[in-house]
A.B. asks: 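Questions regarding the structure given below will be posed in turn.
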Amino acid sequence: MEKAKRYLEKHGDDDRAVASAIDALPFRFYENFIMTGLRVDLIQPGRIVCSLKVPARLLNANNSLHGGASASLVDCIGSAALKTLGANTTGVSLEINLSYLDAAYLDEEIEIDSKVLRMGKTIAVINVELRRKGNGKIIAQGRHTKYLAFSSKL
């Protein structure tokens, strides 16, 4: 149990300095951290296809694309696909799930294909696939359900 605790609690002499530096990062830094280097290859109503060369900052302990980074790509690119259909908001996530089928490694080119499956008045469903750009093999497949908040008429 101590091993798990040490893994989660990153303590050290410079812990406060690191925490302070992280807290000083710009507003909405996280999206930039995940999406820097992303290139839009195709955009059409209800669909966006992007590519990304896997950077070192998004690797996990096994030197492959981190599952959290994959989930963030599903979230961000799936949300952007809603904008192609004229959505005023990208909404709020109700559910997001991913199936991890393979790994992507440093400097490997991947493509992220996001398709809106349904966009109603208040609920939208998006499918997002992360694939190897070279051979089309699926790395991860995600489904994202969003609540499209609307402003009250009161």
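Only this structure's heavy atoms are used, side chains among them; waters, hydrogens and symmetry mates stay out.
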A.B. asks: Once you measure the plane-to-plane angle for F33 and F29, does it fall in the parallel (<30°), tilted (30-60°) or perpendicular (>60°) bin?
C.D. replies: tilted
A.B. asks: For side-chain contact (heavy atoms from CB on, under 4.5 Å), just list the numbers for L65 and E108, CA-CA rounded to whole Å, side-chain angles, deciding distance to a tenth of an Å, and then say yes or no.
C.D. replies: CA-CA 10 Å; L65 181 62; E108 189 168 10; over 6 Å; no
A.B. asks: Do D113 and R47 touch side chain to side chain, with heavy atoms closer than 4.5 Å?
C.D. replies: yes
A.B. asks: Take L73 and V128 through the side-chain contact (heavy atoms from CB on, under 4.5 Å) test and state the conclusion after the steps.
C.D. replies: CA-CA 9 Å; L73 288 166; V128 183; over 6 Å; no
A.B. asks: Is there a continuous path of hydrophobic side-chain contacts, each under 4.5 Å between heavy atoms, that joins I96 to I138?
C.D. replies: no
A.B. asks: Testing the basics here: between I110 and A104, what is the closest heavy-atom pair and its distance to 0.1 Å?
C.D. replies: CG2-CB, 3.8 Å
A.B. asks: If you take all heavy atoms of G68 and H66, which pair is closest and at what distance?
C.D. replies: N-ND1, 2.7 Å
A.B. asks: Might you point out which heavy atoms bring K146 and G91 nearest each other, and give the distance in Å?
C.D. replies: NZ-O, 3.7 Å
A.B. asks: Of all heavy-atom pairs between T84 and G46, which one has the smallest distance, and what is that distance?
C.D. replies: OG1-N, 2.7 Å
A.B. asks: Kindly indicate, with the supporting measurements, whether the criterion side-chain contact (heavy atoms from CB on, under 4.5 Å) is fulfilled by V74 and L130.
C.D. replies: CA-CA 8 Å; V74 168; L130 283 73; 4.0 Å; yes
A.B. asks: Tell me, do S79 and H144 make a side-chain contact under 4.5 Å, heavy atoms counted?
C.D. replies: yes
A.B. asks: How would you list, by chain and number, every residue that makes a side chain to side chain donor-acceptor pair (under 3.5 Å) with N60, sequence neighbours excluded?
C.D. replies: S64
A.B. asks: With side-chain contact (heavy atoms from CB on, under 4.5 Å) as the test, would you mind laying out the steps for D75 and S93 before giving the verdict?
C.D. replies: CA-CA 8 Å; D75 183 10; S93 296; 3.9 Å; yes
A.B. asks: Please give me the minimum heavy-atom distance between N88 and K83, naming the atom from each residue.
C.D. replies: O-NZ, 3.6 Å
A.B. asks: Can you find a heavy atom in the side chain of M119 that is under 4.5 Å from one in the side chain of L148?
C.D. replies: yes
A.B. asks: Under 4.5 Å between side-chain heavy atoms, counting indirect links through other Ile/Leu/Val/Met/Phe/Trp/Tyr residues: same cluster for V49 and L85 or not?
C.D. replies: no
A.B. asks: Considering all heavy atoms of both residues, which atom of C50 and which atom of L38 are nearest to each other, and what is their separation?
C.D. replies: CB-CD1, 3.8 Å
